[in-house]
*Asks:* 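Once you've had a glance at the structure underneath, I'll fire off some questions.
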2 protein chains.
Amino acid sequence: MDKLLLANQVCFPLYALSRQVTALYRPLLEKLDLTYPQYLVLLLLWETDRVSVSDIGDRLLLDSGTLTPLLKRMEQKGLISRTRNPADERQVTIQLTESGRALQEQALNVPTDLQASLNLGNEPLIALRVQLQTLLDQISVIK
Amino acid sequence: MDKLLLANQVCFPLYALSRQVTALYRPLLEKLDLTYPQYLVLLLLWETDRVSVSDIGDRLLLDSGTLTPLLKRMEQKGLISRTRNPADERQVTIQLTESGRALQEQALNVPTDLQASLNLGNEPLIALRVQLQTLLDQISVIK
DNA sequence: GGTTATTATATTGTACACAATTTAATTGTA
DNA sequence: TACAATTAAATTGTGTACAATATAATAACC
């Protein structure tokens, strides 16, 4: 087998599928004036409000170079607040605004709508998620 | 099940894994002074030389807004040439230079090295590739 | 207590990624 | 053959990504 053939790469379909799925999210998230990474930050905050920038980075595997400008844009849109932690002035606490919290209701149908556009049954979808998550955990441990 | 929980998203592990795998490629490709998308273009050209920008876009699912500057950088590095197609001056033909062709030899061990760092057997890797490719084909058909 | 090391975020610079628009060449058609 | 429609790249503008560095605050240590 020619390992340099594009068709024989695992990583290409991973890279391409990731972008294509993000593209499926785009029309759904545009209605909420959100990008996909911004939506991920909100998913996280709707679960656990009041977290530091590095907490978000740990969960989403993104660094401050990505998050700082992204969070500033979300602050501009009035979705979150960014305040220095008085107990440790190095840390910035990210907190939902009322408007950011309220957006959850409008996002409720996003996962279902997306799954519909994926055209994949529920079981194979869960199986894929577990498989990807397992590989992701494996890689993260190594690093 | 709460569909808005980060842990219940399929798309997040897809997004995160794609970036993590690209990060695994980085040290391998740095030796060749390549980024991952540039490496993909070379994989394609090593298979089929002399293609148009839109041919590359069709294969890699990237548009001219991404490819034009990327290909210009590859031209700067002396890996490819960009020439207008005399038969149709709208098209730009991308062709490997001798240097670009020669780089293939140095890249021969990249797939093997990467697979080693993925720490995943050959069969599950192929299974994952087929699964991702199937889903990718499905989505691309829809669009 | 002053100095050094560490930590958290911000900044800078480079490289994608993609929507929207522009430019130039080709095709289709009256 | 003119002229509108289409097509292929390029350009513009916005938003990630991430390496490398800078800045400021805290912790560790003498």
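Numbered from 1 within each chain, the chains take letters A, B, ... in sequence-line order.
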*Asks:* Please work out if A:Thr22 contacts a base, only the sugar-phosphate, or nothing of the nucleic acid, heavy-atom cut-off 4.0 Å.
*Replies:* nothing

*Asks:* Once you apply a heavy-atom cut-off of 4.0 Å, does A:Ser64 come out as touching a base, just sugar-phosphate, or nothing?
*Replies:* base

*Asks:* Quick one: label A:Leu67 by what it contacts on the DNA or RNA (base, sugar-phosphate, nothing), any heavy atom closer than 4.0 Å.
*Replies:*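 Answer is nothing: A:Leu67 stays at 4.0 Å or more from every strand.
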
*Asks:* Quick check on C:dA17: is either OP1 or OP2 less than 4.0 Å from any side-chain nitrogen or oxygen of A:Tyr36?
*Replies:*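 Answer no for this pair, as no side-chain N or O of A:Tyr36 is under 4.0 Å from OP1 or OP2.
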
*Asks:* Give me the ring orientation class for A:Tyr15 and B:Tyr36: parallel if the planes are under 30° apart, tilted from 30 to 60°, perpendicular past 60°.
*Replies:* perpendicular

*Asks:* Between C:dT7, C:dC16, C:dA10, which nucleotide has the shortest distance from any of its atoms to the side chain of A:Lys72?
*Replies:*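 Nearest to the side-chain atoms of A:Lys72, counting from C-beta on, is C:dA10.
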
*Asks:* Please find the earliest and latest nucleotides of DNA chain D, in the 5' to 3' direction, that have an atom within less than 4.0 Å of any heavy atom of chain A.
*Replies:* D:dG15 to D:dT26

*Asks:* Nearest 0.5 angstrom please: B:Ile94 CD1 to B:Leu67 CG, how far?
*Replies:*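 Separation between the atoms: 8.5 Å.
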
*Asks:* Does a donor on one side chain sit under 3.5 Å from an acceptor on the other, for B:Asn85 and B:Glu89?
*Replies:*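 Result is no, nothing qualifies.
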
*Asks:* Just call it for A:Asp88: base, sugar-phosphate, or nothing, with non-hydrogen atoms closer than 4.0 Å on any strand.
*Replies:* sugar-phosphate

*Asks:* Between A:Thr66 and A:Arg26, name the one whose nearest nucleotide on DNA chain C is closer to the 5' end.
*Replies:*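 Here A:Thr66 is the residue nearer the 5' end.
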
*Asks:* Side chain of B:Ser52, backbone of B:Asp55: donor and acceptor closer than 3.5 Å?
*Replies:* yes

*Asks:* Thinking salt bridges, do B:Glu75 and B:Arg82 make one under a 4.0 Å N-O criterion?
*Replies:* yes

*Asks:* Compute whether any side-chain donor of one residue and acceptor of the other, for A:Asp33 and A:Gln38, lie under 3.5 angstrom apart.
*Replies:* no

*Asks:* Roughly how many Å is it from CD in A:Glu89 to P in C:dA10, rounded to a whole number?
*Replies:*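 It is 12 Å, rounded to the nearest whole Å.
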
